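Handing you this structure, nothing more for now.
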Amino acid sequence: MCGIVGYTGKELALNPVLSGLRKLEYRGYDSAGIALALDSGEKLWVEKRAGKLGNLEEILGTKIPNSHSGIGHTRWATHGGPTDENAHPHLDNEGKLAVIHNGIIENYLELRAQLEKAGHKFKSETDSESVAHLLSDARKKHNGDLAAAMREACQQLRGSFTLLAIHSDEPGRIVGARRNSPLVVGVGDGENFLASDVSAFISHTKRALELGQDEVADITANTIVISNLAGKIQPHNEYEISWDASSAERGGFEHFMLKEIFEQPRAIADTLLGRITGLSEEITNRIDFKEIDKVVIVACGTAFNAGLVGKYAIEKWADIAVDVELASEYRYRDPSVDSRTLLIPISQSGETMDTLMALRYAKDKGAKVFAVCNTNGSTIPRESDAVLYTHAGPEIAVASTKAFETQLVAMYLMGLHLGRIRGTISETLLSQIEAELAELPAKVEQVLETVEPLRELTRNFSTASSMLFLGRHVGFPTALEGALKLKELAYMHAEGFAGGELKHGPIALIESGTPVVAIMPAAGSLLAEKMASNIQEVKARGAVVIAIADSELKAADFLVRIPSTHEFLQPVLAVVPLQVIAYEMAVARGNDVDQPRNLAKSVTVE
Ligand code: AGP
């Protein structure tokens, strides 16, 4: 996720662009940059720097360029590390056209190859720079019409994008486009805005226009023209923004955590993009996977729970032994590691010291390292042989939600890759899993549409002293994740159990009114019958049971229905109600949802 803003109007553009970026910095802060079209029509004025927006502001000084239109970008790196060269805006070779981008251009490598063949010189490693050169060619083809050029370029792009472009020959004009990535028009008096979300301009105007899928906005200080990619003019759907500035930063949600729970379909879709039928060679060429005879996943907290789910999928699909280790314990037991070991560190931040030290330990002993990480350019990816980046975007809330979901997706993609390499997964199963993976964003969306009653139900348990979570098979790590969420958000005792373990001790915890959340295996499975018996066992001792299930279940006191999917993928759907329960419990208890006590987003100490 990146922050994007464009301004054209009566003010000198630098100020509204900078203030817009300050409001959008929560969307990504690996680098920042601004391009202004000078009123004189000279070459563009461009400044960009790696690091937070403050680094850029430091070099800008107090001189304000004579420009009334420009674009600004604050980056969450996906392709290419957080460097000055990879910072947006990206320019064409003449330095007259600038573009900024949010999203993922899936076919950027083939575009880059054809553009380099046509003589374009690239300066960055990003997918976004391809658009600058593509637009430059298209603009020449359309006699300098930047909007027509944008329409043509977008037809050649695959993936997700929000794009803004300016050209030095047309100061005052900004052209934007979107597909699967947000872009909104701010309608001012003698000025207009384009931005990733309304927080960038809400202090200037509360009038906004929606932009539909594959639509192009062509704006100046006093004109706004919206067209589709065929060039057909589209109607203006103007609306009044009802949020205040601070809630606008959270997309209108009360907390970042709730916003990130609802961003999960997008995060999953972005992480799957272009990878369901196979990982790109830029990843898989770095390790000889045929030499691997053992997999070790190391992680902490929520990432560890994702690894536990990954174990089931990778072992089954790749027919290989998988250990999942708490990173903080791993190296202290002096484990057996060699060059045939594939170590998979999972980390949202890429800076967790326990996980980094486990990585270094195993690498020193010859292991190959294939990391799963959400933060481009962070330490763990830098010290790994290969990285499968998740594309969850910045996760601001300390409690991990969308990062967890994308870590699960990464586990499945790795399991499929190893299965393909080792020839251990049948074509039938491969097609079934690929089809079900593609359905996940929509199915998570479906679950999110039904969570309101669950939020209300949860408040009934806000005074409970503890809550237990039961699961079997991949439902067991899901239960552990549900318990972890509740601990870290509601400061409440919670514990996850394997359903079969209940009778070996934990059932002694059950008393009248104890809330128990049961994650049901896929309907009709042998394990579903066993879990149904577990529900009877706890209910017989007074428990109140909330079941998460893909079918009707009379035994439960409350039922949260989720769509059915392949048994290994079920945690992606079942965890969403658990996140909502933890969120709602924290709110009911008046806790700081986004920054719970005693915790940090990234634990960079051992
Ligand atoms: C998750 O809700 C917690 N914030 C915590 O367990 C986290 O998952 C753990 O610290 C690992 O962080 P990482 O993914 O950045 O390595």
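For clarity, every value in this text was computed on a predicted model and none was experimentally measured. Below, each value reflects all heavy atoms present in this structure, side chains not excepted, and no hydrogens, waters or symmetry copies. Just follow the structure's listing: the first ligand is 1, and inside any ligand the first atom is 1.
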Check ion pair E325-R333 (N to O, under 4.0 angstrom): yes
field: Donor-acceptor under 3.5 Å (N374 side chain, P394 main chain)
entry: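 Looks like no, no N/O pair under 3.5 Å.
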field: atom 10 (O) of ligand 1: the protein heavy-atom neighbour that sits closest, reported with distance to 0.1 Å
entry: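 Ranking protein heavy atoms by distance from atom 10 (O) of ligand 1, first comes V603 CG2, 4.2 Å.
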query: Looking at A303, which atoms of ligand 1 are within less than 4.0 Å of one of its heavy atoms?
result: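 Taking each heavy atom of A303 in turn, ligand 1 has 8 (O), 14 (O) under 4.0 Å.
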task: With heavy atoms of S400 as the reference, note each atom of ligand 1 found under 4.0 Å away.
output: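 Here the atoms of ligand 1 in question are 1 (C), 2 (O).
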message: Distance under 4.0 Å to a non-hydrogen atom of S347: what atoms of ligand 1 satisfy this?
response: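 This gives 13 (P), 14 (O), 15 (O), 16 (O) as the contact atoms.
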task: Considering heavy atoms of the protein only, find what lies nearest to atom 3 (C) of ligand 1 and give residue, atom and distance to 0.1 Å.
output: E488 OE1, 3.5 Å
message: If the cut-off is 4.0 Å to any non-hydrogen atom of K485, which atoms of ligand 1 fall inside it?
response: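 Ligand 1 atoms under the 4.0 Å threshold to K485: 1 (C), 2 (O).
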T355 N/O to ligand 1 N/O under 3.5 Å: no
message: Treating R455 as the side-chain partner and E584 as the backbone partner, does any N or O pair qualify as donor plus acceptor under 3.5 Å?
response: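 It does not hold such a pair.
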task: For atom 14 (O) of ligand 1, grab the closest protein heavy atom and report residue, atom and distance to one decimal in Å.
output: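 For this ligand atom, the closest protein heavy atom is Q348 N, 2.7 Å.
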task: Could you tell me whether the side chain of K443 and the main chain of S564 form a donor-acceptor pair under 3.5 Å?
output: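 Yes, because the side chain of K443 sits within donor-acceptor range (under 3.5 Å) of the backbone of S564.
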message: Distance under 4.0 Å to a non-hydrogen atom of G301: what atoms of ligand 1 satisfy this?
response: 6 (O)
- request: Name the closest protein heavy atom to atom 15 (O) of ligand 1, giving the residue it belongs to and the distance to 0.1 Å.
  value: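 For atom 15 (O) of ligand 1, the nearest protein heavy atom is S349 OG, 2.7 Å.
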- prompt: If we ignore angles and hydrogens, is there a donor and acceptor under 3.5 Å between the side chains of R472 and N534?
  reply: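 Result is yes, a qualifying pair exists.
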Within-4.5 Å side-chain heavy-atom neighbours: P563 and Q446: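 In contact.
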- prompt: Salt bridge check: are K485 and E481 linked by an N-O gap of less than 4.0 Å?
  reply: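 Yes, K485 and E481 are salt-bridged.
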task: Measure the spacing between CG of L468 and OG of S466 and express it to the nearest 0.5 Å.
output: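 Going from the CG atom of L468 to the OG atom of S466 covers 5.0 Å.
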Contact atoms of ligand 1, heavy-atom distance to A399 under 4.0 Å: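 This gives 2 (O) as the contact atoms.
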message: If you count heavy atoms of other groups shown closer than 6.0 angstrom to NZ of K487, is the number above 12?
response: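 Enclosed: over 12 neighbouring heavy atoms sit under 6.0 Å from NZ of K487.
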query: Is any NZ, NE, NH1 or NH2 atom of the basic residue among D364 and R360 found under 4.0 Å from an Asp or Glu carboxylate oxygen of the other?
result: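 Salt bridge absent between D364 and R360.
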- prompt: Counting heavy atoms only, which part of E351 comes closer than 4.0 Å to ligand 1: side chain, backbone, both or neither?
  reply: neither
task: Check whether any N or O atom of V398, backbone or side chain, sits under 3.5 Å from an N or O atom of ligand 1, and answer yes or no.
output: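 The answer is yes, given that V398 and ligand 1 share an N or O pair closer than 3.5 Å.
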message: Heavy atom to atom 16 (O) of ligand 1, shortest distance: which of L356, T352, T302 holds it?
response: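 Nearest heavy atom to atom 16 (O) of ligand 1 lies in T352.
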Top protein contact for atom 11 (C) of ligand 1, by heavy-atom distance: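 For atom 11 (C) of ligand 1, the nearest protein heavy atom comes out as C300 O, 3.6 Å.
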